[in-house]
Engineer: 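This is the structure, below, for whatever I ask next.
Side chains included, hydrogens not; waters and symmetry mates left out as well; all remaining heavy atoms used.
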Amino acid sequence: MPFRDTSYSSHSRLPNSANTAFYFAKKRLFNNKPAFSGLVFIGLCFLLTILGYLIMPDSTPFANDGAVQIQKQAPGFTVQMLKLRKNAEVPESNIFHKLVFGQESAFIIVPIVSYRIEDLTIYVKPFGAENEEKYNIIDATLPIFIGDSQKLDTPGHFKTDNQKITYLDLNENLQTISKADLLRQFKENNLAMRHYWLGSDKAGRDTLSRLLFGIRISLGVGFLAVLISLIVGISLGSMAGFFGGKVDHLIMWLMTVVWSIPSIMLVIAISLALQSRGVWVAFIAVGLTMWVEIARVVRGQILGLKEKLYVEAARSLGIGNRRIIIHHILPNMLGPLIVIITSNFATAILTEAGLSFLGLGVQPPMPSWGMMVNEGFQAIGSRGSLPLVLFPSLCISLLVLAFNLFGNGLRDAYDTSRSTNTLLK
């Protein structure tokens with residue numbers, strides 16, 4: 001009798017039974033347009049986090065290259081910059097170092113309205129000033145040695161001779177350059193137009209760049225805080241639900257105490273107890289306030305699952321409690337845990353923003369959305385203060401909304417009470 005393959009039928013639309021639950025959950029999620037939109041927005045934010053400095057208009061560390069003369073400018077502001085070279089060695093970063101830490105600028109920026117060049121001197125009218133200022137083009141363009149040296153007997157370590165300039169570089173080596181080449185290099189590297197698409201903050205820094213860096217802070221705090229809460233919550237919830245008795249009573253008492261304290265107050269208390277401020281304190285403090293909900297869910301799930309036949313079978317085979325919890329019980333509560341994780345991500349972002357707004361989280365010059373809202377709040381009533389509050393607040397709202405929509409979609413996707421027949425129409 002010829003062999004007939006019955007493992008798949010063209011008339012059947014059901015997947016293998018081992019993947020049925022995940023298949024229908026994925027279908028429900030992708031059919032939920034708000035949840036899918038939230039997922040796409042979260043994915044875009046993660047992509048911006050990874051690219052980081054490579055796409056930021058200001059790629060200096062923490063997007064901190066600013067000039068106070070152009071503080072609180074409106075979105076779309078454009079200005080010409082005079083770039084004065086620093087007399088210090090600024091190494092060029094490779095792409096991987098720049099991706100993570102940025103590239104330090106070799107220049108100090110001066111916003112100007114107009115300029116004129118006479119011989120080797122540039123006369124500029126600074127932005128917001130009435131009087132002209134002058135700068136030596138040699139100092140502005142070339143990296144000049146600033147220590148004591150006998151190699152070139154001039155006060156400024158450079159001298160001009162007709163059309164030739166001799167100077168000491170940063171390594172105290174004699175170098176020469178023609179005036180024509182110097183002026184060409186100055187115009188190419190030291191004069192540039194800079195566009196501030198979302199305006200500038202109170203220190204004259206690019207708002208768009210700082211908002212993009214703020215995504216990294218918010219998602220970083222969310223990820224590590226959720227990781228900490230998962231470790232603590234799953235550990236305590238598993239022990240409470242599996243062992244019961246005095247262990248359960250003790251952990252439940254601890255959860256009740258922590259649950260009764262407002263989250264922001266608990267975060268402030270943890271920050272003060274650690275006697276430190278900064279992004280790492282925000283990670284720990286936020287993470288230690290979100291474990292209770294995870295522990296309660298894990299405990300409740302384990303109370304029902306530990307009576308199942310497969311758990312009794314594992315016990316009869318002599319498998320240890322730790323392995324039963326990790327390999328047999330926890331995988332069966334993956335759906336509820338994923339839903340809680342997305343919800344806690346949104347909570348962590350809001351808590352970090354509140355902490356930074358109060359000055360207990362991320363510290364300057366590192367940009368955080370909460371700190372940027374605080375800077376705008378402090379400037380309320382002055383010119384250009386509205387964008388300083390609006391843009392970071394909008395970023396916080398959109399990211400939290402995306403996580404909430406995605407979390408709601410996951411909750412509906414893992415709702416086993418729904419009929420799978422509706423997905424096959």
Engineer: Taking A106's backbone N and O only, do any of them form a donor-acceptor pair with R85's side chain (distance below 3.5 Å, no angle check)?
Structural biologist: no
Engineer: So does V286 get a backbone contact from the side chain of T351, meaning a donor-acceptor N/O pair under 3.5 Å?
Structural biologist: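 No: the side chain of T351 does not pair with the backbone of V286.
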Engineer: Could D58 and R205 be called an ion pair, given the rule that one side-chain N must be under 4.0 Å from one carboxylate O?
Structural biologist: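 No, no charged N to carboxylate O under 4.0 Å.
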Engineer: Can a side-chain donor-acceptor contact be found between S59 and Q103 if the only test is distance below 3.5 angstrom?
Structural biologist: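 No, no side-chain donor-acceptor contact under 3.5 Å.
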Engineer: Verify salt bridge (charged side-chain N to carboxylate O under 4.0 Å, His left out) between D248 and R299, making sure each step is shown before the conclusion.
Structural biologist: CA-CA 9 Å; D248 186 24; R299 174 184 175 272; 2.7 Å; yes
Engineer: Any chance you could lay out the side-chain contact (heavy atoms from CB on, under 4.5 Å) test for N190 and L84, step after step, and finish with the verdict?
Structural biologist: CA-CA 7 Å; N190 296 73; L84 307 177; 5.8 Å; no
Engineer: CD of Q71 to OG of S382: how many Å apart, nearest 0.5 Å?
Structural biologist: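 Going from the CD atom of Q71 to the OG atom of S382 covers 8.0 Å.
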Engineer: Looking only at non-hydrogen atoms, find the nearest pair between A192 and K83 and report the distance.
Structural biologist: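 For A192 and K83, the tightest heavy-atom pair comes out as CB-CD, 4.4 Å.
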Engineer: For S368 and E352, which heavy atoms make the closest approach, and how far apart are they?
Structural biologist: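 Of all heavy-atom pairs spanning S368 and E352, the closest is OG-OE2, 2.8 Å.
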Engineer: Could you check whether any side-chain N or O of N173 sits under 3.5 Å from a backbone N or O of D169, counting only pairs where one atom can act as donor and the other as acceptor?
Structural biologist: no
Engineer: What's the spacing between I122 CD1 and I112 CD1 if we round to 0.5 Å?
Structural biologist: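 One finds 5.5 Å between CD1 of I122 and CD1 of I112.
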Engineer: Under the 3.5 angstrom rule, does the side chain of N32 hit a backbone N or O of R28 as a donor-acceptor pair?
Structural biologist: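 Not confirmed, N32 side chain does not pair with R28 backbone.
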Engineer: So with a 6.0 Å cut-off around CD1 of I95, is the heavy-atom count from everything else above 12?
Structural biologist: no
Engineer: Between N374 (side chain only) and G370 (backbone N and O only), is there a donor and an acceptor less than 3.5 Å apart?
Structural biologist: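 Pair absent, no side-chain N/O of N374 close to backbone of G370.
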Engineer: Just by distance, do the side chain of S218 and the backbone of I215 share a donor-acceptor pair under 3.5 Å?
Structural biologist: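 Pair absent, no side-chain N/O of S218 close to backbone of I215.
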Engineer: Are R296 and E293 ion-paired here, with the side-chain N under 4.0 Å from a carboxylate O?
Structural biologist: no
Engineer: For P111 and V79, work out which heavy atoms get closest and say how close.
Structural biologist: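 Closest approach of P111 to V79: CB-CG2, 4.0 Å.
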Engineer: Can you confirm whether D148 is buried at CG, in the sense that more than 12 heavy atoms of other residues, nucleotides or ligands lie under 6.0 Å from that atom?
Structural biologist: no
Engineer: Please assess L399 against F41 for the test side-chain contact (heavy atoms from CB on, under 4.5 Å), listing each intermediate value before the final yes or no.
Structural biologist: CA-CA 8 Å; L399 190 55; F41 186 80; 4.1 Å; yes
Engineer: How about OH on Y310, more than 12 heavy atoms from neighbouring residues, nucleotides or ligands closer than 6.0 Å, or not?
Structural biologist: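 Above 12, so yes.
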Engineer: Could you tell me whether a side-chain N or O of S356 sits under 3.5 Å from a main-chain N or O of V362, the two making a donor and an acceptor?
Structural biologist: yes
Engineer: Regarding S149 and E172, is there a side-chain donor-to-acceptor distance under 3.5 Å anywhere?
Structural biologist: yes
Engineer: Without swapping roles, check the side chain of E92 against the backbone of V90 for a donor-acceptor pair under 3.5 Å.
Structural biologist: no
Engineer: Counting the benzene-type ring for Trp, do Y135 and F186 have ring centres under 6.0 Å apart?
Structural biologist: no
Engineer: Does the side chain of N189 come within less than 4.5 Å of T141's, by heavy atoms?
Structural biologist: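 Side chain of T141 against side chain of N189, heavy atoms only: no contact under 4.5 Å found.
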Engineer: Would you check if the distance from the ring center of F213 to the ring center of Y53 is below 6.0 Å?
Structural biologist: yes
Engineer: Classify the ring geometry between W197 and H195 as parallel (under 30°), tilted (30 to 60°) or perpendicular (over 60°).
Structural biologist: parallel
Engineer: Taking the side chain as C-beta and beyond, is there a heavy-atom pair between M333 and L330 under 4.5 Å?
Structural biologist: yes
Engineer: Please test L208 against M56 for side-chain contact (heavy atoms from CB on, under 4.5 Å), starting from the C-alpha separation and ending with a verdict.
Structural biologist: CA-CA 8 Å; L208 175 59; M56 288 163 52; over 6 Å; no
Engineer: Could you check whether atom CG of L309 has more than 12 heavy atoms from other residues, nucleotides or ligands sitting under 6.0 Å from it?
Structural biologist: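 No, because the 6.0 Å sphere around CG of L309 holds 12 heavy atoms or fewer from other groups.
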Engineer: Are D65 and M81 close enough that some pair of their side-chain heavy atoms sits under 4.5 Å apart?
Structural biologist: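 Not in contact.
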Engineer: Nearest 0.5 Å please: distance from the OG1 atom of T289 over to the CD1 atom of I284.
Structural biologist: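 T289 OG1 to I284 CD1: 12.0 Å, rounded to 0.5 Å.
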Engineer: Work out which heavy atom in Q80 is nearest to a heavy atom in M193; give both atom names and the distance.
Structural biologist: CB-SD, 3.5 Å
Engineer: Would you indicate whether the side-chain heavy atoms of I231 and W291 approach each other to under 4.5 Å?
Structural biologist: no
Engineer: Do L211 and M372 have side chains that get closer than 4.5 Å, going by heavy atoms?
Structural biologist: yes
Engineer: Using modelled atom types and a 3.5 Å cut-off, is there a donor and acceptor pairing between side-chain atoms of R383 and backbone atoms of K72?
Structural biologist: yes
Engineer: What's the separation between atom CD1 in I144 and atom CG in L168, rounded to the nearest 0.5 Å?
Structural biologist: 8.0 Å
Engineer: Crowded around K134 NZ? As in, over 12 foreign heavy atoms under 6.0 Å?
Structural biologist: no
Engineer: For R216 and T49, indicate whether the former's side chain and the latter's backbone hold a donor-acceptor pair under 3.5 Å.
Structural biologist: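 Such a contact is found between R216 side chain and T49 backbone.
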Engineer: Atom CG of L212 and atom SG of C395: how far apart are they, to the nearest 0.5 Å?
Structural biologist: 8.0 Å
Engineer: If the plane angle is over 60° it's perpendicular, under 30° parallel, otherwise tilted; pick one for F223 and F345.
Structural biologist: tilted
Engineer: So, do L182 and Y167 sit near enough that their side-chain heavy atoms are less than 4.5 Å apart?
Structural biologist: no
Engineer: Do I349 and V221 come close enough that some side-chain heavy atom pair is under 4.5 Å?
Structural biologist: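 No, their side chains stay 4.5 Å or more apart.
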Engineer: Under a 4.5 Å cut-off applied to non-hydrogen side-chain atoms, are V113 and F127 in contact?
Structural biologist: yes
Engineer: Which heavy atom of L388 sits nearest to which heavy atom of A379, and what is that distance?
Structural biologist: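 Nearest heavy atoms, L388 then A379: CD1-CB, 4.5 Å.
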Engineer: Nearest 0.5 Å, what's the CG-CD distance between N64 and E104?
Structural biologist: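 Going from the CG atom of N64 to the CD atom of E104 covers 11.0 Å.
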Engineer: Between I251 and F243, is a side-chain contact (heavy atoms from CB on, under 4.5 Å) present by the stated rule, with each step listed?
Structural biologist: CA-CA 11 Å; I251 295 176; F243 296 107; over 6 Å; no
Engineer: May I ask you to check whether over 12 heavy atoms, not counting those of M265, lie within 6.0 Å of atom CE?
Structural biologist: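 No - once you tally the heavy atoms of other residues, nucleotides and ligands closer than 6.0 Å, there are 12 at most.
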Engineer: What's the shortest heavy-atom distance between K125 and E130, and which atoms?
Structural biologist: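 Closest pair (atom of K125, atom of E130, distance): CE-O, 4.0 Å.
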Engineer: Of the options I341, L398, I42, which is the one that meets F403 in a side chain to side chain contact (heavy atoms under 4.5 Å, CB included)?
Structural biologist: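 Considering I341, L398, I42, a side chain to side chain contact (heavy atoms under 4.5 Å, CB included) with F403 is found only for I42.
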